[in-house]
Amino acid sequence: MTLSSSQKEAFAGYMFLVPVFSGFLVFLAFPVVASFFVSLADWNMINDPGFVGIANYIDLFRDPFFWTCLGNTAYFSLFSVVIGLFVSLYLANLLHETRPRGAGFFKSTLFLPVILSSVAVALVWQWLLDSHMGMINHLLAGAGVPGVPWLTSPAMAMNSVILVAVWRQIGYNMVIFLAALANVPDELYEASSLDGASRNQTFWNVTWPMISPATFFIAVTSVINSFQVFDLTTILTNGGPANSTNTLIMMIYQNGFQFFKMGYASAIAYALFAIILVITAVQTIVSKKWVHS
Amino acid sequence: MFQRPILVLFLLFGLGFALHAQTTIKYAFWGNPDAIGVEKDIIEAFEATHPDIKVTPIAVSYNDYHAKLLVLIAGGQAPDVMRIDSYFFQDFLKAGALKDISGLIKSSKIDVSRFYQSGLQDSMKDGKFYGFPWATAPLYMFVNTKMFADFGIPVPKADWTWDDLVVLLGKFSKGQAENKTYGLGLSVVDLAAVLPYVWGVGEDVFDKTRTKFTLNTPGAAKKLDEVAALIKKGLIPDVATFPTAEVLTSYFAQNKIAMRVGSAAEILTTQKIDGLDFTVLPFPGTTKFPRATVSKSNVVGLYSKTKNEKAAWEFLQFLRAPGREGEELYMKAKRIPPTVDDPALWALYADPTKPPKNIAAMTKEINSKYGHLLPLRSGWLEIQGLVVPQLQKVFSGVVDGATAMNEIAPQVNAILAKK
């Protein structure tokens with residue numbers, strides 16, 4: 001059988017796809033589908049799984065710890081995304097507008113946390129935020145401010161984790177905002193200036209709508225990432241004190257690999273998937289009203 | 001005419017191959033790079049005396065170890081010989097991952113009575129053996145001798161009590177802010193850190209049958225409130241100060257806390273800190289309930305479905321059976337304390353040039369008078385996951401002991417009923 005040149009081309013194309021597609025099937029598609037079936041089973045990874053229907057999901061909704069973890073995750077997500085978004089937008093706008101000498105240095109410095117290992121970042125922050133021996137409380141004491149229980153108080157711990165998460169993500173967000181800001185046509189600013197718009201009016205009526213696709217992208221990816229927070233909370237506080245920083249991903253890890261409850265862990269994973277899906281869908285629908293196309 | 005000699009040659013070759021066929025077994029353990037060194041030595045020593053058995057090590061860091069073990073078993077790649085932390089032992093046992101080796105012990109005439117009883121108990125279920133003990137050791141009270149000397153306070157004797165400890169807490173609680181010193185650092189990351197307090201008043205986390213949660217009894221709750229009151233008074237630092245053992249070690253090394261509870265493994269890391277001198281004591285109980293020191297042992301066992309039982313059993317004996325080479329090599333490497341009461345092994349393990357110099361004597365004393373086994377059972381970590389955050393709330397002054405423990409009692413009892 002002889003193949004035509006277009007068939008040969010198509011065949012070659014499929015052949016190029018095989019490595020990536022195999023990896024996708026084996027390492028992503030199969031585990032995703034398999035974990036759904038696991039979520040319908042009672043399985044400790046050693047014995048054969050036993051089908052339990054939706055019992056794991058019913059248990060999940062009755063489990064007060066799930067709601068605690070979901071609340072913690074939502075709190076973390078809301079504040080880390082909103083603060084991270086606005087701080088990085090402010091810094092990007094500042095760098096874009098003022099174009100200071102050494103702008104490259106500032107950009108690199110702010111981007112540095114993004115490329116650092118999250119474990120190393122968490123360990124360093126753990127020391128900085130230590131209630132008794134940490135540098136931050138030491139500096140506060142020098143200024144006459146009493147020590148803050150950054151990681152030791154259930155009321156403060158999640159806020160401290162958010163602080164570290166924001167510090168870590170602003171560099172990444174800022175780079176995207178800088179690229180978006182650079183693409184805003186100068187004519188729009190000229191027109192705005194001729195119309196006598198103030199700096200604030202120019203920002204909210206010209207810059208903000210023009211960079212809204214970038215804002216939307218950052219908001220969606222940040223929410224997805226924030227719902228998967230694990231490394232920072234594990235190293236900084238290990239979910240404590242008193243579960244105040246325990247998140248859904250930590251709950252999945254604990255149930256799957258410490259309590260031998262793979263079915264339950266998979267059910268939490270699917271619940272998390274559904275939550276992220278709904279939030280992303282809502283974001284996408286709402287975006288039609290504010291994202292400039 | 002050449003057919004017969006060729007056939008004979010083939011048969012001889014086949015027989016020789018069969019005789020020299022090497023069995024490969026997999027041995028899983030946790031450890032850092034330092035710890036892997038001694039395992040390598042043991043494997044080499046074993047292979048030198050057992051040329052027909054090859055041991056493939058599976059070394060994983062502790063934090064990921066038991067998850068990895070589960071994945072290996074689920075994936076049909078289970079190791080033939082595996083170490084298991086006692087916290088996970090009952091769950092692995094219940095899942096059928098470990099082989100009952102009682103028959104093998106009997107046929108090989110191994111004198112298991114030589115093991116410390118605490119180690120044996122943590123390797124058994126219903127009178128059957130599912131492995132040999134590994135790292136049988138108490139959770140010692142580490143005592144910073146420099147701080148005691150600086151404060152002019154003599155180091156207590158092994159028979160000290162809770163009341164003595166409370167007096168010491170008052171004496172060590174000095175200074176303000178970052179200059180503040182404390183008598184005791186308490187890290188509430190697991191049940192083992194808190195149970196000694198309630199054992200000292202005759203209470204426990206479960207009843208004798210380990211089927212009913214009992215930390216909500218008036219006696220246990222009162223004790224938790226008593227510890228919380230000491231924290232509130234500033235005699236013990238806020239427990240959240242120490243989210244990990246490493247932070248606790250750091251405070252101890254910087255002379256901020258005079259005492260802390262630590263494991264035998266933590267002795268090795270603490271020894272590496274330059275200029276730090278420390279000794280060890282039992283956790284203080286009361287005259288009526290002196291057994292308040294956690295005594296814990298991990299296990300090395302065989303996979304229940306191992307296809308290389310003979311070779312795996314050979315290796316397990318070499319590794320852990322009393323009087324065999326593995327124990328001696330561990331002692332020479334000072335990796336873990338002896339699991340049998342043998343002065344020669346203690347002499348190998350305890351480095352006279354390094355603190356704590358009283359470790360051999362104190363371990364013996366703890367084992368005989370002050371040791372208390374954890375009431376381990378399946379679901380232990382799940383229960384711990386419920387109880388520890390509540391304990392953190394109690395010690396942070398958010399809620400009282402009885403309320404906190406009653407809040408989770410139904411959930412804990414449900415796990416106890418299920419498991």
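- For Y182(B), the part sitting under 4.5 Å from any heavy atom of chain A is the side chain, from C-beta outward, and nothing else.
- Atom CZ of F230(A) has more than 12 neighbouring heavy atoms from other residues, nucleotides or ligands inside a 6.0 Å radius.
- Among residues 31-47 of chain A, the residues having any heavy atom closer than 4.5 Å to a heavy atom of chain B are, in sequence order, W43(A), N44(A), M45(A), I46(A), N47(A).
- Both the backbone and the side chain of F92(B) come within contact range of chain A, judged by heavy atoms closer than 4.5 Å.
- With a 4.5 angstrom heavy-atom cutoff, D85(B) does not touch chain A via any of its atoms.
- When the shell of 6.0 Å around NZ of K125(B) is examined, it contains 12 or fewer heavy atoms from other residues, nucleotides or ligands.
- Here the side chains of F257(A) and V71(B) are in contact, with some heavy-atom distance below 4.5 Å.
- Between the CD atom of E382(B) and the NZ atom of K261(A) there is a distance of 3.5 Å, given to the nearest 0.5 Å.
- Shown here is F111(A), whose CZ atom has more than 12 heavy atoms of other residues, nucleotides or ligands within 6.0 Å.
- Ranked by heavy-atom pairs under 4.5 Å with chain B, the first of N255(A), N246(A), N243(A) is N243(A).
- Only the side chain of D130(A) comes within contact range of chain B, judged by heavy atoms closer than 4.5 Å.
- Around the CG atom of L112(A), the shell of radius 6.0 Å holds more than 12 heavy atoms that belong to other residues, nucleotides or ligands.
- The environment of CZ in F51(A) is crowded: more than 12 heavy-atom neighbours from other residues, nucleotides or ligands sit within 6.0 Å.
- For chain A, the option among A67(B), A95(B), S396(B) with the highest count of heavy-atom pairs below 4.5 Å is A95(B).
- We find the CD-CG distance between Q254(A) and L381(B) to be 10.0 Å, quoted to the nearest 0.5 Å.
- Note that the CZ atom of F260(A) and the CZ atom of F88(B) stand 6.0 Å from one another [nearest 0.5 Å].
- Looking at S250(B) and W127(A), their side chains come closer than 4.5 Å, going by heavy atoms from C-beta outward.
- Ranked by heavy-atom pairs under 4.5 Å with chain A, the list Q254(B), K256(B), E246(B), Q392(B) is led by Q392(B).
- Taking a 6.0 Å sphere around NZ of K128(B), one finds it holds 12 or fewer heavy atoms contributed by other residues, nucleotides or ligands.
- Annotation: maximal heavy-atom pairing with chain B below 4.5 Å, among S131(A), P241(A), S244(A), occurs at P241(A).
- The distance from the CD1 atom of I408(B) to the CZ atom of F65(A) is 11.5 Å, given to the nearest 0.5 Å.
- Within residues 136-153 of chain A, the residues having any heavy atom closer than 4.5 Å to a heavy atom of chain B are H138(A), A141(A), L151(A), T152(A), listed by residue number.
- Side chains of D63(A) and Q411(B) form a contact here, defined as non-hydrogen atoms less than 4.5 Å apart.
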